[in-house]
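Just so you know, residue 1 is the first one in the sequence shown, and it goes up from there.
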Amino acid sequence: MSTVKDILSKKESQVYTVSPEKTVFEALKIMSDEDIGALIVTEGDNVKGIFSERDYARKVILKGKSSKDLKVSDIMTTDVLFVTPKNTVEECMALMTEKRIRHLPVLENKKLTGLVSIGDILKQVISDHKFTIKELEKYISGDIAG
């Protein structure tokens, strides 16, 4: 059963963060430059929230506000759900589905160590399924040693 640790071992370890005092525009610029969909909002080593494209779409643009006037703290999601490296992919998928979220920060010993997205989860599920299919094909063909 794959875990968050397995996912993190295959992806870039950089976790992009932003200060709650930065403007929404500045946060969007970082997201655009790095081709990512969310930033963890931090003050020092403390996670204060998460800012995503969804926050921008629903809390800024649809309400006619300006991203250059608002601070990240004005619209970030503060009720952040976390996982640990030991959580399984299935647990992450269930949490993301139930809570309708696309990003889960990873904490280890109360320290931010990574971020997994729904895309990361799906890649791992597909990889696990391909492995299972390959092993079943070997078993069926009698190539067990292979």
Spacing of [atom1] belonging to [X] relative to [atom2] belonging to [Y], to within rounding of 0.5 Å:
X   : Y   : atom1 : atom2 : answer
S52 : I50 : OG    : CD1   : 6.5 Å
S67 : D74 : OG    : CG    : 12.0 Å
T17 : K48 : OG1   : NZ    : 13.5 Å

With a 4.5 Å cut-off on side-chain heavy atoms, are [Y] and [X] touching?
X    : Y    : result
K130 : I126 : yes
F51  : V24  : yes
L70  : T23  : no
E43  : P20  : yes
M1   : E90  : yes
K10  : S127 : yes
M31  : L39  : yes

Are [Y] and [X] connected into the same hydrophobic cluster when the rule is that any two of I, L, V, M, F, W, Y join if their side-chain heavy atoms are below 4.5 Å apart?
X   : Y    : value
L81 : V83  : yes
V4  : F131 : no
V15 : I7   : no
I36 : I118 : no
V60 : L28  : yes

Take atom [atom1] in [X]; do more than 12 heavy atoms of anything else shown fall under 6.0 Å from it?
X    : atom1 : result
Y16  : OH    : yes
F82  : CZ    : yes
K123 : NZ    : no
K11  : NZ    : yes

Whether the side chain of [X] engages the backbone of [Y] through a donor-acceptor N/O pair (distance < 3.5 Å, no angle test) should be reported.
X    : Y    : value
D120 : S117 : yes
K59  : I75  : yes
E91  : T88  : yes

Just list the side-chain donor-acceptor pairs under 3.5 Å for residues 92-113, sequence neighbours left out, or say none.
residue, atom, partner, partner atom, Å
T97, OG1, M93, O, 2.8
T113, OG1, V106, O, 3.4

Discussion item. Using a strict threshold of under 4.0 Å (side-chain N to carboxylate O), is an ion pair present between K29 and D33?
Written reply: yes
Which pair of non-hydrogen atoms, one from [X] and one from [Y], has the smallest distance, and what is that distance?
X   : Y    : result
E21 : S73  : OE2-OG, 4.3 Å
L8  : V116 : CD2-CG1, 4.0 Å
V72 : A27  : CG2-CB, 3.7 Å

Worksheet item: To which residues is I133 joined in a hydrophobic cluster, defined by side-chain heavy-atom contacts under 4.5 Å among Ile, Leu, Val, Met, Phe, Trp and Tyr, whether direct or through other members?
Response: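 Direct or chained contacts put I133 with none.
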Worksheet entry | side chain to side chain donor-acceptor pair (under 3.5 Å) against T77, all qualifying residues, sequence neighbours excluded | D55
Worksheet item: When you look at D6 and S9, which way does the side-chain hydrogen bond (donor to acceptor under 3.5 Å, both in side chains) test go after all the steps?
Response: CA-CA 5 Å; D6 297 326; S9 71; 5.3 Å; no
Worksheet item: Does any donor atom in the side chain of D128 or Q124 lie under 3.5 Å from an acceptor atom in the other side chain?
Response: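 Their side chains do contain a donor-acceptor pair, which is all the 3.5 Å distance test asks for.
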